[in-house]
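The structure under discussion appears below in the form of structure tokens.
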Amino acid sequence: MKRLSGFALALLIVIPLCAAPALAAEPKGILKKVLQRGVLHCGVNGKLSGFGFLDPEGRMTGFDIDICRAVAAALFDDPEKIRYTPLSAPQRFTALQSGEIDLLSRNTTWTISRDSRVGLDFAPVVFYDGQGMMVMSDLGVARIDELDGATICVQTGTTTEKNLTDYFRNRGLSYEPVVTQDYETSVNAFLKGRCDAFTTDRSGLLATKVKYPALADALILDEVMSKEPLAPAVVQGDSQWHDLVSWVIYGLIEAEELGVTSANVAQKRESTDLNIRRLLGVEDTFGEDLGVTNDFIYRIIRHVGNYGEIYDRHLGRNSPFNLPRGLNDLWTRGGLMYAPPLR
Amino acid sequence: MNAPDPPLHRNPKFLRGAAQAVFALVFVYLVSAMLHNMVVELDKRNLPLGFDFLGQPAGFTISETIIPFDDRSAYGWAFLAGIVNTLQVSGLGIVLATTIGVIVGVSRLSKNFLVRTLATTYVEILRNIPLLVQLIVWYTVVFLNLPPLRRSLSLPGGVQINNRGVYFPWFAANDQTRTWLMVCAVAALTGAVAWWRVERRRRANGAIRTEGRSWAQSWGMAAAWMLGSVAFITAGWALTGQPPFGMDYPVLKGFNFRGGASVSPEFAALLTGLTLYTAAFIAEVVRAGIQAVDKGQGEAAAALGLGRLQSLRHVILPQAMRVIIPPMVNQYLNLTKNSSLAVAIAFPDLVAVGNTIINQSGNAVQMMVLIMGTYLVISLAISWLMNRFNQRFRLAGR
Ligand SMILES: N[C@@H](CCC(=O)N[C@@H](CS)C(=O)NCC(=O)O)C(=O)O
């Protein structure tokens, strides 16, 4: 009995001590926490070819993965210092809110509700996309209007499921949804003929088509059903961290615009062009003002390359998708990629 | 004589009280610390903590619901649709698992080698493979691999089987239906009243409720009632020249079968998986219960000339029930909670719908509270019902 109460007494003393830090929940800021920890916690897709998936050697690769790598390069001069958390669509925001991940880079559409109610802050758009519809070619359907009454496979927790409802409702069409929690179940159901059509972001449709040989003659219909600006996200209310992630992405875009690549970045440091000197941190102190080192963009380009290189590597001409740049080209070439001035 | 009171630090009464007080304090402190932490963190992220969002339109669709639902319905209504789906699959699962479980459990003790071995194999296989794996196999390997829509399997009687579901003819109301329903209701009511009066008279006459007699009687009465109603309906049909209801047959129209009723592969897979898995555990509970009944009971029944089934029905099972019911409650609770694995196979149970609401509305904390609360209520309700059943059994059995 005496021992027991001694134990209880010990608990009484120890527990508040443990709980106190949790209570105070020091508003130290994510940037400091990540730097101290030495590892970036990045939430990614894990199954979507081109964006985030395991390559044959078991490494995470893809367009969204390189965004994580760029941030890690900026912080640690080492793009490998990342712990990846593969997340399904419905899991991703909770993971961010609970602090399980520092950064969400997972084909996530920027919407007003996610920016407000769901409690996220979005970094600049890294990929402009739109929702599409895929059918098997033997269904004999060429337009979405012809899908009245069809069964459609869709993933929950996405903008996709809401756009689908709106799109059909606005046109007075009906459909039967098969709503899955994860992407593979959805694709599998479509492959087996449980659904007549499969819908998601058009980039996702293309990635799926390339990944599954059985979809070789599937048809991606022409209509673009929505705007899907995909952007990395951080938790709402930490502007220092949000700023840093944003400027990592602007740095990628600006580097492409200024012709700075992973191949020539060391040379470019010697450049006399003031724009390039500021970009690479030879001049001025933007990096330190953001809470990292002045050469943070230099580090990013050296390890990961500029925006165009990342695009070409995973989605563009050096990838199986060979996706044209389109809206994702630089503004100087008629696209939407545009970084504010680094000065 | 009274020993002097021990000093406080050795007084067991005091120490026990103190330990409990300390424990309670710590507990209260921890809970309030957690709540406080949550409120602070939510506030920091500017996230609301109310339940107002439940009234907002959901904006998403749910694959299948029993209560009417579309994308303009509210989040709260969507969650309710999920709850009803959970109740449906758990309720059916409990009934089916009990039936199969009792049969398998009794078979495990059979004198017949084949029956016994089959039952044992069933239990050992089903019990030792994780339910999640079984569900995925049922869904992707079995139900999704049924013939595709255009090569649907047509069974006699208008039943269609394909990998979008099992479609079967179903009753459809016609202008006669309402009258007929009313007639039937009146008939049922009269029947019930008559039954009750007969029972009361029998009791009053001092009839001893031997189970055998009331068993045979119930069957007799049920059969009579059935025959009566069939005759009644046929007569009415012949007189009015109209059937009491129409039949609606599933036909392929456009992309899908329309008409009749149907069961989706997701629901079928979940129900099959839950039922067969839980039945294996129930079988073990039943077997243990029967074995717990003293051997002499069975021998005595045999000596009285009761057959094996009779002795099971009248002697063994009633006694075994006392051992069986409490662990059975556990199995029912497990089945209900396991139904949340529905998320893996696209069936919209309350967790699946709850997840969607969390994601689309951003109200994670509120929805988690609602989900947990719902399971708590369902579980308590099942326990309460089974407790009442258990008490009844004890009284009737002794
Ligand atoms: N961009 C949309 C959809 C994103 C999404 O989750 N797409 C699916 C289909 S491409 C996906 O990536 N699923 C992968 C998974 O959940 O494993 C959104 O942000 O809601």
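So you know, we letter chains A, B, ... as the sequences are listed, proteins then strands, and number each from 1.
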Report summary line: Of the listed A:Val154, A:Leu147, A:Asp166, the one with the largest count of heavy-atom pairs under 4.5 Å with chain B is A:Leu147
**Report entry** Distance in Å, B:Tyr139 OH paired with A:Asn188 CG, rounded so as to fall on 0.5 Å steps
**Finding:** 8.0 Å
Query raised in the report: Between the side chain of B:Arg164 and the main-chain N/O of A:Gly193, is any donor-acceptor distance below 3.5 Å?
Result: yes
Requested in this report: Might you confirm whether atom CG of A:Asn170 has over 12 heavy atoms from other residues, nucleotides or ligands at distances under 6.0 Å?
Outcome: yes
Requested in this report: Please check if the side chain of B:Gln360 supplies one atom and the backbone of A:Lys162 the other of a donor-acceptor pair under 3.5 Å.
Outcome: no
Query raised in the report: Is it the case that A:Tyr175 and B:Thr61 place a side-chain donor and acceptor less than 3.5 Å from each other?
Result: yes
Query raised in the report: Based on non-hydrogen pairs under 4.5 Å, which of A:Asp238, A:Leu191, A:Val118, A:Asp196 is most in contact with chain B?
Result: A:Asp196
Report task. List the steps and the verdict of side-chain contact (heavy atoms from CB on, under 4.5 Å) for A:Thr94 and B:Ile358. Result -> CA-CA 8 Å; A:Thr94 326; B:Ile358 287 180; 4.2 Å; yes
Query raised in the report: Between B:Phe143 and chain A, which part of the residue has a heavy atom less than 4.5 Å away: side chain, backbone, both or neither?
Result: neither
Query raised in the report: Roughly how far, to the nearest 0.5 Å, is the CD1 atom of B:Ile345 from the CD atom of A:Gln181?
Result: 11.5 Å
Query raised in the report: What residue, out of B:Ala346, B:Gly59, B:Pro148, has the most heavy-atom pairs lying under 4.5 Å from chain A?
Result: B:Gly59
Query raised in the report: Which answer fits A:Ser186, side chain, backbone, both or neither, if we ask what part of it has an atom under 4.5 Å from a heavy atom of chain B?
Result: neither
Report summary line: So, the part of A:Thr180 with a heavy atom under 4.5 Å from chain B: the answer is both
Query raised in the report: Which residue out of A:Pro177, A:Ala89, A:Cys195, A:Ser113 racks up the most heavy-atom pairs below 4.5 Å with chain B?
Result: A:Pro177
Requested in this report: Answer yes or no: is there a side-chain heavy-atom contact under 4.5 Å between A:Val141 and B:Phe255?
Outcome: yes
Query raised in the report: Is the number of heavy atoms from other residues, nucleotides or ligands within 6.0 Å of CG (B:Leu35) greater than 12?
Result: yes
Query raised in the report: Under 3.5 Å, is there a donor-acceptor pair between the side chain of B:Asn359 and the main chain of A:Thr156?
Result: no
Report task. Identify which part of A:Glu146 has an atom lying under 4.5 Å from any heavy atom of chain B, answering side chain, backbone, both or neither. Result -> backbone
Query raised in the report: A:Thr165 side chain to B:Asp71 main-chain N or O, any donor-acceptor pair under 3.5 Å?
Result: no
Report summary line: Between B:Ala364 and A:Gln97 the two heavy atoms that sit nearest each other are CB-OE1, 4.4 Å
Query raised in the report: With only heavy atoms counted, which part of B:Gln20 is less than 4.5 Å from chain A, the side chain, the backbone, both or neither?
Result: neither
**Report entry** Region of B:Asn162 that comes under 4.5 Å of a non-hydrogen atom in chain A
**Finding:** neither
**Report entry** Sidechain-backbone polar pair: A:Lys192 side chain, B:Thr140 backbone, donor-acceptor under 3.5 Å
**Finding:** yes
Query raised in the report: Is it the side chain or the backbone of A:Asp148 that comes within 4.5 Å of chain B heavy atoms, both, or neither?
Result: backbone
**Report entry** Beyond-backbone contact of A:Arg169 with B:Arg72, side-chain heavy atoms, under 4.5 angstrom
**Finding:** yes
Report task. Say whether A:Thr151 and B:Asn256, considering side chains only, have a donor N or O and an acceptor N or O under 3.5 Å apart. Result -> yes
Query raised in the report: Given a strict heavy-atom distance threshold of 4.5 Å, which part of A:Leu139 is in contact with chain B: side chain, backbone, both, or neither?
Result: side chain
**Report entry** Which portion of B:Ile357 sits near chain A, non-hydrogen atoms under 4.5 angstrom
**Finding:** neither
Query raised in the report: Got a sec: does the CZ of B:Phe27 have more than 12 other heavy atoms crowding it under 6.0 Å?
Result: no
Query raised in the report: Given the options B:Ser361, B:Ser264, B:Ala352, which has more heavy-atom pairs under 4.5 Å with chain A than any of the others?
Result: B:Ser361
Query - Exceeds 12 heavy-atom contacts within 6.0 angstrom, atom NZ of A:Lys227 - result: no
